[in-house]
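Working notes, beginning with the structure itself.
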Amino acid sequence: MSGLVLKLGPRERVLINGAVIENGDRRSRLSIVTPNANILRLRDAIHPEEAKTPVRRVCYAAQLILTGDIEPDDARQQLLRRIEELSRVLIDPDSRSLLSQATDALLSDQFYKCLKSLRALIPREDRLLAASTR
């Protein structure tokens, strides 16, 4: 059996295709066998008030596709434009690779992979912002 296996802690919440599911009192495993299901652990979600930096805003936009709040076709162009803007600033090879992965995932409708690649840029952005305030 292939697919995604979610390991959930007690009372952990996850969003699957727009439905919030809360685990019980014990750890558990869920096997997601439906391909292309939109899944987001709520502990990993970026809340609107946290989307104050360029990378976090792009992550939040990708997250809105996963949560079903925005239609993928409506958001794709805007998200591609934002990823392109980030690529003008984040020019190191690792960042470029992550941005390329995010773009490829977005173009192939793999929205979780897109978000995962973009989220990996947050520590870099935090370091750059911390260095610029010194």
Would Leu128 and Ser132 satisfy side chain to side chain contact (heavy atoms under 4.5 Å, CB included), going step by step from the backbone distance to the final call?
CA-CA 6 Å; Leu128 289 170; Ser132 70; over 6 Å; no

Could you tabulate the donor-acceptor pairs under 3.5 Å formed by side-chain atoms of residues 79-88, not counting sequence neighbours?
unit_1 : atom_1 : unit_2 : atom_2 : d
Arg82  : NH1    : Arg57  : O      : 3.4
Ser87  : OG     : Glu84  : O      : 2.6

Test side chain to side chain donor-acceptor pair (under 3.5 Å) applied to [X] - qualifying residues, sequence neighbours left out:
| X | result |
| --- | --- |
| Asp74 | none |
| Thr103 | none |
| Arg27 | none |
| Arg76 | Asp73, Asp109 |

Exam field: side chain Asn17 to backbone Asn38, donor-acceptor pair closer than 3.5 Å
yes

Within the side chain of Gln63, is there an N or O that forms a donor-acceptor pair under 3.5 Å with the backbone of Ile46?
yes

Going by distance alone, is a donor N or O of one side chain under 3.5 Å from an acceptor N or O of the other, for Ser97 and Gln101?
yes

My understanding is that only residues two or more places apart in sequence, or in another chain, count here; which of them pass side-chain contact (heavy atoms from CB on, under 4.5 Å) with [X]?
| X | result |
| --- | --- |
| Ser28 | Leu8, Asn23 |
| Asp126 | Arg56, Ile122 |
| Asp25 | Arg11 |
| Ile16 | Leu6, Val14, Ile21, Ile32, Ile39 |

Please identify each residue that fulfils salt bridge (Lys or Arg N to Asp or Glu O under 4.0 Å) with [X], with sequence neighbours left out.
| X | answer |
| --- | --- |
| Asp44 | none |
| Arg96 | none |
| Glu50 | none |

Leu30 side chain near Lys7 side chain, heavy-atom distance below 4.5 Å
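No, side chains not in contact.
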
Working note: Glu22 + Glu12, criterion side chain to side chain contact (heavy atoms under 4.5 Å, CB included); need CA distance, chi angles, decisive distance, verdict.
CA-CA 6 Å; Glu22 183 176 80; Glu12 186 173 357; over 6 Å; no

Counting only heavy atoms from other residues, nucleotides and ligands, does the tally under 6.0 Å from CZ of Arg13 exceed 12?
no

Is the shortest distance from a Lys or Arg side-chain nitrogen in Lys113 or Asp104 to a carboxylate oxygen in the other one below 4.0 Å?
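No.
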
If you apply the rule side chain to side chain donor-acceptor pair (under 3.5 Å), what do you find for Ser95 with Asp92, and how did you get there?
CA-CA 6 Å; Ser95 295; Asp92 63 282; 2.7 Å; yes

Supply the atom-to-atom distance [X] [atom1] to [Y] [atom2], rounded to the nearest 0.5 angstrom.
| X | Y | atom1 | atom2 | answer |
| --- | --- | --- | --- | --- |
| Leu64 | Thr67 | CG | OG1 | 5.0 Å |
| Tyr60 | Leu115 | OH | CG | 12.5 Å |
| Cys114 | Leu107 | SG | CG | 9.0 Å |

What one should report as the nearest heavy-atom pair of Glu125 and Thr53 is OE1-OG1, 2.7 Å

Under 4.5 Å between side-chain heavy atoms, counting indirect links through other Ile/Leu/Val/Met/Phe/Trp/Tyr residues: same cluster for Leu129 and Leu98 or not?
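Not linked; separate clusters.
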
